[in-house]
Amino acid sequence: MSRINKNVILALLTLTSSAFLLFQLYYYKHYLSAKNGAGLSKSKGSQIGFDSIQWEGWFRIAENMGFQCLKIESKDPRLDGIDSLSGTEIPLHYICKLAAHAIHLVVFHERSGNYLWHGHLRLKGHIDRKFVPFRKLQFGRYPGAFDRPELQQVTVDGLVLLIPKDPVHFLEEVPHSRFIECRYKEARAFFQQYLDDNTVEAVAFRKSAKELLQLAARTLKKLGVRFWLSSGTCLGWYRQCNIIPYSKDVDLGIFIQDYKSDIISAFHDAGLPLKHKFGKVEDSLELSFQGKDDVKLDIFFFYEENDHMWNGGTQAKTGKKFKYLFPKFTLCWTEFVDMKLHVPCETIEYIEANYGKTWKIPVKTWDWKRSPPNVQPNGIWPVSEWDEVIQLY
């Protein structure tokens, strides 16, 4: 197998680093200033991102060095919203090959939740499927989201490179980085059929719920506890890219194996006192915390069995137990209320389990003991255990 001259590799890596630096400078100058209200319009024809002329320059230089290069572009999801859908294309992947070697340049873009995102390596019809063994590429099978890494300079085989300061953390993120966009096109169709509630009360609730969700996310992140959007909060994200104004709470899910005994005290220290605690770690645990403006945070703990997962519910006045069954699911990242948050990757199966096939239709009257199609009776707590498993504050 032929060997590529180190100087060629160094030159290409230098070009890559320069391109990424230019992208960052362009991003901070234009995209962040636009989000902060300074100058750049999001009207049709505006470009937010890296200048396509600069990318084309890098692309041509690589080709002039003898590389065969492939460029993958797609629409910029950061410009999507309820009011408009993006038509602006941004670079996502460059694949350059020389002899039997290939370099895969993945373009990481900054998102509003202060994280990095890369797009899907989607091959369009005219692309040669044999250009490189695409299935063996580490990045691009799905869009991905990563914590923004601090970089450090290292020398590898005589080449000066930048790598994450904590490479272990970055590598651990890779297999769990899959990202799902909010479905703005479907959300727009939803609001064309069901008018959005923009009353003073609805706007105030969404503001309080957003602040509560952000506070809960920060608290759980400090504890190192994985969580995801569940129940009505997950439905709002998937159906309308927003918080449902009549839901009156924020719902999160946590795997019971991720439970930590200091969760309650951590939320108390964050200004969210415990409202109720139902069940116990071994069975049907549920925590509810009181946020401001009478908006509460409900945390449901999920238990895994052979062919399904479930979370429990308890009726305080009778001690009756309920079980909500879900098909097994994994977690993906999304962006919601300006944060990088987890949702079930198998979102539609998760939502249909909880709300049935008619989940697209708003339902304002909901009985948690009867309405969900996945609920079933699960016995009753012995009276001798009520002091432990039914705690109201």
Side-chain angles (χ1 to χ4, degrees), residues 209 212 216 220 225-236 244 246-261 263-265 267-268 272-291 294-329 344 346 349-359 361-393:
L212 177 59
L220 290 171
V225 174
R226 290 182 301 168
F227 69 94
W228 65 90
L229 304 182
S230 191
S231 303
T233 307
C234 183
L235 176 63
I244 299 175
Y246 53 82
S247 59
K248 305 306 178 188
D249 56 18
V250 171
D251 302 309
L252 300 179
I254 294 176
F255 294 122
I256 193 62
Q257 61 264 33
D258 293 330
Y259 170 81
K260 291 188 177 180
S261 59
I263 284 180
I264 294 176
S265 61
F267 275 104
H268 183 273
L272 300 175
L274 186 64
K275 183 177 176 67
H276 72 241
K277 176 185 177 183
F278 293 152
K280 50 188 176 181
V281 174
E282 298 79 15
D283 183 8
S284 305
L285 183 63
E286 173 190 339
L287 301 176
S288 183
F289 299 91
Q290 185 62 59
D294 206 31
V295 181
K296 64 186 179 76
L297 170 70
D298 290 331
I299 299 181
F300 305 100
F301 289 86
F302 280 65
Y303 300 77
E304 183 174 358
E305 300 202 9
N306 291 333
D307 59 350
H308 67 277
M309 294 181 179
W310 62 276
N311 73 278
T314 296
Q315 187 177 34
K317 64 181 180 180
T318 65
K320 289 182 178 180
K321 298 167 61 181
F322 299 87
K323 179 183 284 190
Y324 303 83
L325 305 182
F326 294 84
K328 288 191 173 184
F329 58 89
E346 299 78 12
E349 293 83 359
Y350 188 90
I351 287 177
E352 286 186 352
N354 217 180
Y355 296 99
K357 298 288 186 179
T358 59
W359 58 269
I361 302 173
V363 177
K364 295 187 178 181
T365 303
W366 188 261
D367 184 339
W368 63 271
K369 303 180 298 299
R370 296 184 179 89
S371 298
N374 62 336
V375 65
Q376 65 180 37
N378 193 31
I380 187 169
W381 291 107
V383 175
S384 60
E385 294 185 25
W386 280 25
D387 286 346
E388 176 189 1
V389 299
I390 302 175
Q391 298 182 20
L392 302 173
Y393 298 89

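Only this structure's heavy atoms are used, side chains among them; waters, hydrogens and symmetry mates stay out.
Across P373 and E352, no two heavy atoms sit closer than the pair CG-O, 4.0 Å. Closest approach of F302 to G253, counting heavy atoms only: CE1-CA, 4.1 Å. N306 and K328 get closest at one heavy-atom pair: O-NZ, 2.9 Å. Contact record, G312 with E286: O-OE1, 3.8 Å, taken as the closest heavy-atom pair. Across all their heavy atoms, C234 and L229 have their closest contact at CB-O, 3.3 Å. Here the shortest heavy-atom pairing between L287 and K277 reads CD2-CG, 3.6 Å.
Contact annotation: the side chain of E304 never approaches that of F255 to less than 4.5 Å [non-hydrogen atoms, C-beta and beyond]. A 4.5 Å side-chain heavy-atom check between Y259 and V225 finds every atom pair outside the cut-off. The side-chain heavy atoms of D298 and S231, taken from C-beta on, include no pair separated by under 4.5 Å. Contact annotation: the side chain of V389 never approaches that of K321 to less than 4.5 Å [non-hydrogen atoms, C-beta and beyond]. With contacts defined as side-chain heavy-atom distances shorter than 4.5 Å, the pair P372/F322 does not qualify. Looking at heavy atoms from C-beta onward, V363 lies out of side-chain contact with Y355 at the 4.5 angstrom threshold.
Within a 6.0 Å sphere centred on NZ of K320, heavy atoms belonging to other residues, nucleotides or ligands number 12 at most. Within 6.0 Å of the CG atom in D294, the count of heavy atoms belonging to other residues, nucleotides or ligands does not exceed 12.
The CD atom of E385 lies 11.5 Å from the CD1 atom of I380; values are rounded to the nearest 0.5 Å. Rounded to the nearest 0.5 Å, atoms CG (L274) and CG (L297) are 10.5 Å apart. K296 contributes atom NZ, which lies 7.0 Å from atom CG of D251 (distance to the nearest 0.5 angstrom). Atom OG of S284 sits about 12.0 Å away from atom CZ of F300, to the nearest 0.5 Å. Here the CG atom belonging to D307 is positioned 8.0 Å from the CD atom belonging to E305, to the nearest 0.5 angstrom. Put simply, NZ on K280 and CG on L285 are 11.0 Å apart, with the number rounded to the nearest 0.5 Å.
Taking the centre of each ring, Y324 and W368 stay at or above the 6.0 Å mark.
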Are F267 and I299 close enough, and set up right, to give a side chain to side chain contact (heavy atoms under 4.5 Å, CB included), and what steps lead you there? CA-CA 12 Å; F267 275 104; I299 299 181; 3.9 Å; yes
Pair I390-F278, side chain to side chain contact (heavy atoms under 4.5 Å, CB included): steps then yes or no: CA-CA 5 Å; I390 302 175; F278 293 152; 3.9 Å; yes
E388 and W381: CA distance, side-chain angles, deciding distance, side chain to side chain contact (heavy atoms under 4.5 Å, CB included) verdict: CA-CA 10 Å; E388 176 189 1; W381 291 107; over 6 Å; no
List the steps and the verdict of side chain to side chain contact (heavy atoms under 4.5 Å, CB included) for N354 and L235. CA-CA 9 Å; N354 217 180; L235 176 63; over 6 Å; no
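Screening F329, F326, F301 for a ring pair (Phe, Tyr, Trp, His ring centres under 6.0 Å) involving W228 leaves a single residue, F329.
Side-chain atoms of Q391 and Y393 form a donor-acceptor pair, as typed in the model, at a separation below 3.5 Å. Looking only at atom types and distance, the side chain of Y350 has a donor-acceptor partner in the side chain of S230 under 3.5 Å away.
Here the side chain of N378 pairs no donor or acceptor atom with the backbone of K323 at under 3.5 angstrom. Although no hydrogens or angles enter the test, the distance criterion places no donor-acceptor pair under 3.5 Å between the side chain of Y303 and the main chain of I256.
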